Structure formats: C-alpha cells, structure tokens
Amino acid sequence: MSLPRTAAIPLVYTHGYYEILSPGVIATALASRGLRAPDLQAPLCYFELGMGFGVSLLANAAAFPHMRFFGNDFHPAHVAHARQLARDAGLANVELFEDGFDVLPDRDLPMMDCIAMHGVYSWISPTLRQAIVRFIERRLKPGGVVYVSYNALPGWAPLLPLRELFHLHAERVAERGDGTDAAGQLQGALDFIQRLADCGEGGYLQAHPAVARRLAHARADGPHYALHEYVGTDSHPLYFHQVAQELAGAGLEFAVPALLAEQVDAACLPAELAALLASTHDPVLRETLRDYGLDRSFRRDLFVRGPEPLAPAEAERCMLDQEWILAVPRDAVPDGAALRLVSQWLGETACGALLDAVCMAPASLRAVLLQPLLAGVPARTVHDTLMLLASSNVVMPALPGALRSRARVSVQGFNAAVLERGGADGTRHLVCGASGLASEWTPETLRQLREALRHGGPAGIAQRAPWLGRLEVV
C-alpha cells in the first residue's frame, strides 16, 4: 500500500525514549544470565539504526561521554532535530546520518561494540532487512551485541485483519484526497474503525479484546503511531526462528531477553510452560515455544557475535556488585503488579527493606543483602525482584560511581537543553546521572524545573525535591 497522496514524505514519528537501548541496561541483561557484557568503562562504539528523533541515542551519549554514538534515520526532520539537540546539549561524541539502510553497509565507520534497532526490523522490506544483516556482518566486533525488537508471531496474528482494514481505508477513502493532510487522513481511519468497534456485539473487533485494546492504544497515541504500526508500506510480523535464522547470517546467536523482567521466569511463565521450556534444549525451538505459550506479539532480544559465558565465580561477583537505585520518591512507589508480586515473594516488611536500601543512593546487591530483614533470602531471589521492579520503573540499575562522575557535565548539558525547550518540541526526557537512564516529565513540570534552576541552581532544586538530587538529574 502507498501512503496517502497528500503526504510528500512519511509522517514524523513520536519523540520516544526507550531505556532498553541504554548500554547500562544491555550490560545488566547480559551479565544477569552469566554472559560477558560490554565494558561500560571502555570507549565503546554504539550505532542506533532508525533512531527516530534520536532522544534515546542522545540521552545515551550524554550518560556515556567517553563512548562514540552513531545514528541514522531516513527522515530529514528526525535527523535535523537530533543534530540541533546535540549541538544545544554540547554533545561532541555523536555522529548522525540521513542514510537509508541500503547504503549504510558501505559507509566508512569504526567497528561497533553495540548495534541497536527499536521498531525497525519487522517494519521494513525483506531487502532492507538483508541490508541490515550485511551492515552487522561488516561492522560488529567479535563479542559485539545487537538489540532488536519486532512484532512477533503468533501473538500478532489476530491483528493482521486490523492492519488490513487500515490499508483498505487508505486505498478506498483516504487516497481520494479531500484536502486534509496525511495526519488528518489517518485520524479519519482511526475514527472510522472505532465506529465499527461501536457496532454492538459479535464482530471481529468485539470478539478479540486484545485487538480492541490495540485500537484504543492507537487512538491514544494518534496518527503518527498508527502510520508506523499499521499503515506502513512494509510490515512483516516475524517468528523468532525467522529472526534468529536471518541474524545467524551475520554470525549472531541469541543471548537473552533484553527486557529485564522477561528473564524472571517465575514471574512470566506458568509452571507447566516453564517445565516444558526447561526440557527443550534447542534454544531456537525453546524461544519459539515461549512465544506460543505466552501468545507473545512483541519481542525485545539481544543477540551476540560469539557470546562468552562467565565463570561461575565471576558471574556471581557481577551480580553482587551491580548497583541499583529507586527510580521514584520512596513515598510514591506505585502499587503495581510487580510490587505486589515482590511483596508476596519476600513479604511486605522485607520488600520495604529492599526499597529502603536503594532509596537514598545507589546500592549494590551485596550491600542490600546486609539488611537484617533480608537475612537468609537467596541472592538470586533478591536479584530477580530487582530485575522485575526495574521493568516496572520502580528501580533502575545504577552506573558505577566513576562513570557517574565522568558524565556529570554532559548530563547537565543535555538536561539543560531539554529544560530550555520546556517540552514544546516533544522532547520531555531528562537523564538521571545515577543510572544513565531518562525519565519523562510533563511540559508544566519541565517549565517549573527550568525556572527553579534559573533562580536557585541545582542546590535549589535538590532542596525542593531531594530525590532529584540523588538521581543526579541536575
């Protein structure tokens, strides 16, 4: 399907930030499964394919100023925005290209330690996927890691008719041209399909609650998201085994789920499914069975070129030395499903002690285990609870103190550039120096922080909101 004829170029995408792309989160995910992770103290090279507006890439560049970051996007507005934000933030460790994936393999670039692509791989043609594999084959170092997310089968199968309806509306209605722009035409498609959803019981949309939820999500996020997810020229949900086979052409092997919580099988899998997976020794078949068992429609995976298992003693040391910090004020911890599950595992008092231990400053798992109320709890159990809470934005894996000190100036520069915009351009994330991750703020809060910073400096903000000081946001 072609885009509406009134659109000379594709619509811009949302100003998304994805913490899962952080080198710190990637390293935590690999080390958690006992695999050699990139050395965050080293001058690594990182490339984000299809960076969008570059919010994640630039936040990472601010948090890791000793590394080099590269990014590309085919949309000129995305690249222009990212370049301007990088200049305003004073980031000198970023290079951005308005290149298509088909020309990237031939660009003169250093060898990469990490290549990331979020919302790219199943939204492009098979030919461009082959170009990405060639790029990885030529530019990824031995031991290098690739992050890839994609719409997955079989979970995405019920959504195929919804995508078809978007396509049909665009072909039969939107492309006739009524004077509205592309965004307006896509909003019209959303409204049209919602009318179908409101037509009583017994239809496709009513029979599939997950589809109805997806439609509500698309309406909430607006036409830019709908274009990317449902109306793009190429959209190819993939089975895990297909992705694994394609990336094997670049010498990659599946390593671990990138989302930290998805490594905690006790929280994610029914007991019967866990037993079946444990008895399945082929990793590709095992992951495919996982998707069938969970009816998963979206995957976030880490692949490695030559994964290196750590010796048991080193893996244990890495787990115990990893530091964590609370992501929210202690008195505002959200009472979500993850926290309730952790409270059941540990007991409410022990769960409270865990949150207290990481509240005021980054604390290693080794230090957390010294809490009297956690005495006797296995280290792996506490580690898994932290992994689960991290994916629910309750805690964050923290960076070593030396890295936090090194990044203080660049983090403050990035945050000052975002505060100066006040959210007017859609960029609303501030980097937390303690973790290297960013958090989203409302435009009103950004303006308040900007004014407080102008009149009282970092000390003034820290006095008004002490938890911002411990997160090293200002």
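Bear in mind that the values here come from a model prediction, so they are computed numbers and not experimental data.
Looking at heavy atoms from C-beta onward, F70 lies in side-chain contact with M112 at the 4.5 angstrom threshold. Between L140 and M111 there is no side-chain heavy-atom pair separated by less than 4.5 Å. For the pair V394/L355, a side-chain contact is recorded, criterion being any heavy-atom separation below 4.5 Å from C-beta on. Using a 4.5 Å heavy-atom threshold, the side chains of V146 and L302 count as separate. In this structure the side chain of H75 never reaches within 4.5 angstrom of the side chain of E98, judged on heavy atoms. Using a 4.5 Å heavy-atom threshold, the side chains of R330 and D356 count as touching. The closest side-chain heavy-atom distance from V243 to Y121 is below 4.5 Å. R380 has its side chain within reach of M319: a pair of non-hydrogen atoms, C-beta onward, lies under 4.5 Å apart.
Shortest non-hydrogen contact noted between P362 and A398 is CB-CB, 3.7 Å.
D291 places no side-chain N or O within 3.5 Å of a backbone atom of R296 that could act as its donor or acceptor partner. Judged by distance alone, the side chain of T427 and the main-chain N or O of V418 form no donor-acceptor pair under 3.5 Å. Counting only distance, with no hydrogens or angles, the side chain of H66 and the backbone of L44 share no donor-acceptor pair below 3.5 Å. For the pair Q263 (side chain) and A29 (backbone), a donor-acceptor distance under 3.5 Å is present. Under a 3.5 Å cut-off, the side chain of T445 and the backbone N or O of W441 do not form any donor-acceptor pair. A distance-only check finds a donor-acceptor pair linking the side chain of S279 to the backbone of L276 [under 3.5 Å].
S297 and R214 share a side-chain donor-acceptor pair at under 3.5 Å.
Summarising the geometry, atom CZ belonging to R68 is positioned 11.5 Å from atom CZ belonging to F47; distances are rounded to the nearest 0.5 Å. Separation of atoms CZ (R83) and NE2 (H78) is listed at 13.5 Å; rounding is to 0.5 Å.
N93 meets the side chain to side chain donor-acceptor pair (under 3.5 Å) test with no other residue; sequence neighbours excluded.
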Derivation and outcome, salt bridge (Lys or Arg N to Asp or Glu O under 4.0 Å), residues E323 and R404: CA-CA 12 Å; E323 293 186 328; R404 301 201 300 270; 3.5 Å; yes
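Ion pairing between R305 and D113 fails under the 4.0 Å rule for side-chain N and carboxylate O. A salt bridge is defined here as a Lys NZ or Arg NE, NH1 or NH2 lying under 4.0 Å from an Asp or Glu carboxylate O, and R134 with E137 fails to meet this definition.
Taking the ring axis of F254 as reference, the NZ or CZ atom of R299 stays within 45° of it and closer than 6.0 Å to the ring centre. For the pair R300 and Y147, the cation does not sit on the ring face, since its NZ or CZ is not both under 6.0 Å from the ring centre and inside 45° of the axis.
E48 pairs in a side chain to side chain contact (heavy atoms under 4.5 Å, CB included) with only one of the listed residues (L21, D73, N72), which is L21.
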